[in-house]
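Please read the structure below before turning to the comments.
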Number of protein chains: 2
Amino acid sequence: MAASPTTPSERAAGDLARPSETPDEALRARLLDHTLRVLLRDGYRRFSMNAVATSARASKETLYRHFGDKTGLLHAALVRMAVLIDPLLHVGLDSATTREDRLRQLGRNYLHGCYLPEALALQRIAYADGEHGLGPLFAEEITERAIAVVEAEFEALGCDDPRRDAEVYLGMIQGKLHERIMLGAELDDLDGQIERQVDHALVVMAPYLTTLDERRPG
Amino acid sequence: MAASPTTPSERAAGDLARPSETPDEALRARLLDHTLRVLLRDGYRRFSMNAVATSARASKETLYRHFGDKTGLLHAALVRMAVLIDPLLHVGLDSATTREDRLRQLGRNYLHGCYLPEALALQRIAYADGEHGLGPLFAEEITERAIAVVEAEFEALGCDDPRRDAEVYLGMIQGKLHERIMLGAELDDLDGQIERQVDHALVVMAPYLTTLDERRPG
DNA sequence: CTTGCGCCGTACCGTACGGTACGGTACCGT
DNA sequence: ACGGTACCGTACCGTACGGTACGGCGCAAG
């Protein structure tokens, strides 16, 4: 809301127009966006502070001033990504009435979020990284949040162990598609694949949910 | 079988005693074992040809003579790992009578193979690597083989789409455990976790399999 | 106008890596 | 006994990276 009153001359926002940000926030956002972009373009190995600075047309000094070191930059980029994709999980949930519809929509959203190019790049480094502590951060900021949302859904379904069911459901819809994508397979019609993945997961899970229903009123 | 007759003086096998190998094969095996070990110890980023050479007490020249370059070494190590873990998938399958028992045993074996330390290290680099072509190789040499075995099992169950069911099942038993492990979570009682994971996957899947049975004889 | 701050661009330093070259040595086949 | 081959150890080269330093510029505050 409060656009800093002392700086009316909004700095050229560069690539993404973000209203109501202090110039400092705008710069930070720009740097983090380019961090994700470079990560996506160059991969984990080739990712370098130099490349980020060049891509963002900033100086390395600025990078280090804002984020301390490479670890700090990667952490900030991960957290930013988490904030950006979080709302995606809730898209279209209001218009889903059936429990099954809600699960289907949740599954769709989850997979679409997972397979965003920048999200994939982040998953790659979170998986492979062993020196910047990105793995635990990813687990906390991204995985855990998603599980919590799905868990709430299964809790409303009256499952004995909603947490476990949520994890199984997410595993089902990922199936081996996730692994294939992470391993670099180029597949066409990703949306269709996602749809089929979620559909079949629900086909397999439906009888189980029915048994829950039957046992519940009894 | 045929131990090369011209070289009776078996070279000091170093770390692993492997009978009936030509010295060249023994050296290759030693180098690849140390490759996996260094990969496991140092991670993907810090992994270096120097470290492998030092660990194996070999010279870099030898490494390059045998494997060409870093990519070749990593490829060879991956293929070797694939060969080593392949038989693990079939452990105890003979004594499993029920279809469900077979699925359970298969699931156990699969997860145990996945979570071997060296296998984890390989998965990490296969996921993150974008320059050595390890992803597709991993998919072909490891993932694809495992899926095929499980697929055969579901085919025997009379599923409409055994391939898809196999992938869903593997996804279920991995659940979020796989992701947590890959992200560096330290968890105790891995065996217990695996057991619970497989158990619950079968609980969820059992009603679905029953519907298949019911539809089948009718 | 002066001061200070944040930024840019570039240069710089130390280190580490991939890959090659070379001297020296053990062993094998002839 | 001789030549070839594979090996070790080490040194070397070019490159690239993380991180720092410095000069110069724009801009806002006093």
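Proteins come first, then strands; the chains are lettered A, B, ... in the order of their sequence lines, and each starts at number 1.
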Given atom CG of L63(B) and atom P of dG18(C), what is their separation to the nearest angstrom?
10 Å

Quickly work out the Y44(A) OH to dG18(D) P distance and round it to whole Å.
11 Å

Locate the shortest heavy-atom distance separating I173(B) from L111(B); write the atom from each residue and the value.
O-CD1, 3.6 Å

Separation of dG19(D) atom C1' from K70(A) atom NZ, nearest Å, is 12 Å

Nearest-nucleotide comparison on DNA chain C, the residue closer to the 5′ end among R45(A) and R65(A)
R65(A)

At under 4.0 Å, does any side-chain N or O of R57(A) touch on OP1 or OP2 of dC8(C)?
no

Per atom distances to the S59(B) side chain, the nearest of dG18(D), dC8(C), dC8(D) is dC8(D)

With a 4.0 Å cutoff (strictly under), does any side-chain N or O of T62(B) reach OP1 or OP2 of dC8(D)?
yes

Donor-acceptor contact below 3.5 Å, side chain D165(B) vs main chain Y169(B):
no

If you compare every side-chain N and O of H66(A) against the phosphate oxygens of dC7(C) (OP1, OP2), does one of them come in below 4.0 Å?
yes

Do Q123(A) and H178(A) have a side chain donor and acceptor closer than 3.5 Å?
yes

Take atom CZ of R46(A) and atom P of dA16(C), then tell me their distance rounded to the nearest Å.
21 Å

Pairing partner of dC8(D) (Watson-Crick or G-U wobble, both distances under 3.5 Å):
dG23(C)

Rounded interatomic separation in angstrom, taking CZ from R28(A) and C1' from dG6(C):
15 Å

Exam field: side chain H66(A) to backbone L73(A), donor-acceptor pair closer than 3.5 Å
no

Whole angstrom value for the distance that separates P of dC17(C) from CG of D69(B)
17 Å

Provide, to the nearest angstrom, the distance between the NZ atom belonging to K60(B) and the P atom belonging to dC12(D).
14 Å

Looking just at side-chain N and O atoms, do Q105(B) and D101(B) make a donor-acceptor pair shorter than 3.5 Å?
no

Using whole Å, report how far CD of E61(A) lies from C1' of dG18(D).
15 Å

